Number of protein chains: 2
Amino acid sequence: MVTRLDDPCCGGLHPDAVADVRSGQLSEPLVLSLSEAFKALADPTRIRMLHCLLQRELCVCDLAEVLGMTQSAVSHQLRYLRTLRIVKNRREGNTIYYTCDDAHIAGLLQMGIDHAMHGEANEGGA
Amino acid sequence: MVTRLDDPCCGGLHPDAVADVRSGQLSEPLVLSLSEAFKALADPTRIRMLHCLLQRELCVCDLAEVLGMTQSAVSHQLRYLRTLRIVKNRREGNTIYYTCDDAHIAGLLQMGIDHAMHGEANEGGA
DNA sequence: ACAATATATGAATATATGCTCATATAGGGG
DNA sequence: CCCCTATATGAGCATATATTCATATATTGT
């Protein structure tokens, strides 16, 4: 079972290379799990939200205020992140506080920041 | 200049928290650059492509063969990655070989893999 | 019970994304 | 020069995403 399409233009130009790489392939669930994690970080809004929530616990409307966004938009994105278990929330009376304590995401984000700051933009600047 | 929307439901519940987090905000270009990088990894196809191209140089049709995808689809994604300078290519006669030598991306991907494999799916299995 | 506040959520919408199909480009061999 | 192979690319399409708007839910205070 080779999982070939009908017309791969050339049936594998270098069979050895193909076989070689095939044996090292990532499993389907792993790939899906990976893309899911990276997707969470693949949006400017979510990056900013997570960066905030990693620094400090914030309620929804403070977050909205910081990001200059609608409460609704923020809430939708928080739901997205909640579904992925990337952020947690805590209720205190009427307000709900969110945090991000996901070490995985924090690590990826930090690594991205470190790398991107190799001569490009800096932090700071409200 | 506070960059406020017309109706932030509550005008910042905790002004100190808001000010605090505001001062640590990531700059706009940095955020965009970050999301761009994560976007490159936010798709199962591209993850598999990059994982292959990090292991070994491959021509387009070998890649297509390995991934079980159309040459066209692969080529489109390669263009995407080329635009972001994540992959390089080399021509040898009729065939074009691609590689990924982007340490940034490689690091992020590896970190993602390490983390995701904490009890979930493993490599191997083609 | 009622009003006010904070948050959540469904529907609609606009845009982005990933793939397919057809076709263009480019190099190699007769 | 013509044909074959490998790759690139534009258009179209179906789906995903991010935001907005209106409204629902939940908690507090009176």
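The structure presented is a predicted model; accordingly, all values stated were derived computationally and were not measured. Chain naming here is simple, since letters A, B, ... match the order of the sequence lines and numbering starts at 1 in each.
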> Indicate, yes or no, whether a donor-acceptor pair under 3.5 Å links the base of dT9(D) to the side chain of Ser72(B).
yes

> So, does Tyr98(A) get its side chain near the phosphate of dA8(C), meaning an N or O under 4.0 Å from OP1 or OP2?
yes

> Could you say whether Glu92(A) or Cys59(B) is positioned toward the 5' end of DNA chain D, judged by the nucleotide with the nearest heavy atom to each?
Cys59(B)

> On the nucleotide dG10(D), are OP1 or OP2 found under 4.0 Å from the side-chain N or O atoms that Arg79(B) carries?
yes

> Return yes if the base of dT5(C) and the side-chain atoms of Asn94(A) contain a donor-acceptor N/O pair under 3.5 Å, otherwise no.
yes

> Figure out the CG/P separation between Leu78(A) and dT19(D), and round it to whole Å.
12 Å

> Indicate, with yes or no, if Leu109(A) and Leu32(B) share a hydrophobic cluster defined by side-chain heavy-atom contacts under 4.5 Å among Ile, Leu, Val, Met, Phe, Trp and Tyr.
no

> Can you see if the side chain of Tyr80(B) gets near the phosphate of dT9(D) - specifically, an N or O under 4.0 Å from OP1 or OP2?
no

> Determine whether a donor-acceptor pair (one donor, one acceptor, N or O, separation below 3.5 Å) exists between the side chain of Thr70(A) and the base of dC21(D).
no

> Roughly how far, to the nearest 0.5 Å, is the NE2 atom of His51(A) from the CG atom of Leu26(B)?
4.0 Å

> If you go through the side-chain atoms of Gln71(A), does one of them form a donor-acceptor pair with the base of dA6(C) closer than 3.5 Å?
no

> Could you state the CG-C1' distance from Leu32(A) to dG18(C), rounded to the nearest angstrom?
15 Å

> Which nucleotide in the set dT7(D), dT17(D), dG18(C) lies at the smallest distance from any side-chain heavy atom of Asp43(B)?
dG18(C)

> Closer to the 5' end of DNA chain C via nearest nucleotide, is it Arg82(A) or Thr95(A)?
Thr95(A)

> If only atom types and distance count, is the side chain of Arg79(B) paired as donor or acceptor with the main-chain N or O of Leu81(B) below 3.5 Å?
no

> Taking only the side-chain nitrogens and oxygens of Arg91(A), find out if one of them lies under 4.0 Å from OP1 or OP2 of dT5(C).
no

> Ignoring backbone atoms, test whether Lys39(A) places a side-chain nitrogen or oxygen under 4.0 Å from the OP1 or OP2 oxygen of dT17(D).
yes

> Could you walk me through whether Leu34(B) and Leu41(A) satisfy the side-chain contact (heavy atoms from CB on, under 4.5 Å) test, starting with their C-alpha distance in whole Å, then the side-chain angles of each, then the deciding distance to 0.1 Å, before giving a yes or no?
CA-CA 8 Å; Leu34(B) 279 172; Leu41(A) 292 165; over 6 Å; no

> Would you say dG18(C) has OP1 or OP2 under 4.0 Å from some side-chain N or O of Arg46(B)?
yes

> Rounded to the Å, how far apart are Phe38(B) CZ and dA16(C) C1'?
20 Å

> Please determine, for the side chain of Asn89(A), which listed nucleotide (dA8(D), dT19(D), dA8(C)) has the closest atom?
dA8(C)

> If only atom types and distance count, is the side chain of Arg85(A) paired as donor or acceptor with the main-chain N or O of Asp102(A) below 3.5 Å?
no

> Within the side chain of Arg46(B), is there an N or O that forms a donor-acceptor pair under 3.5 Å with the backbone of Ala40(B)?
yes

> Would you call His76(B) stacked on dT9(D), i.e. ring centres under 5.5 Å apart with the planes less than 30° off parallel?
yes

> Can you measure Leu58(A) atom CG to dA6(C) atom P for me and round it to whole angstrom units?
15 Å

> Nearest whole angstrom, please: distance from the P of dT5(D) to the CD1 of Ile96(B).
17 Å

> To the nearest angstrom, how far is Gln77(B) atom CD from dA8(D) atom P?
13 Å

> Tell me the interatomic distance from Arg90(A), atom CZ, to dA26(D), atom P, rounded to whole angstroms.
20 Å

> How long is the line joining OH of Tyr97(A) and P of dA26(D), in whole Å?
20 Å

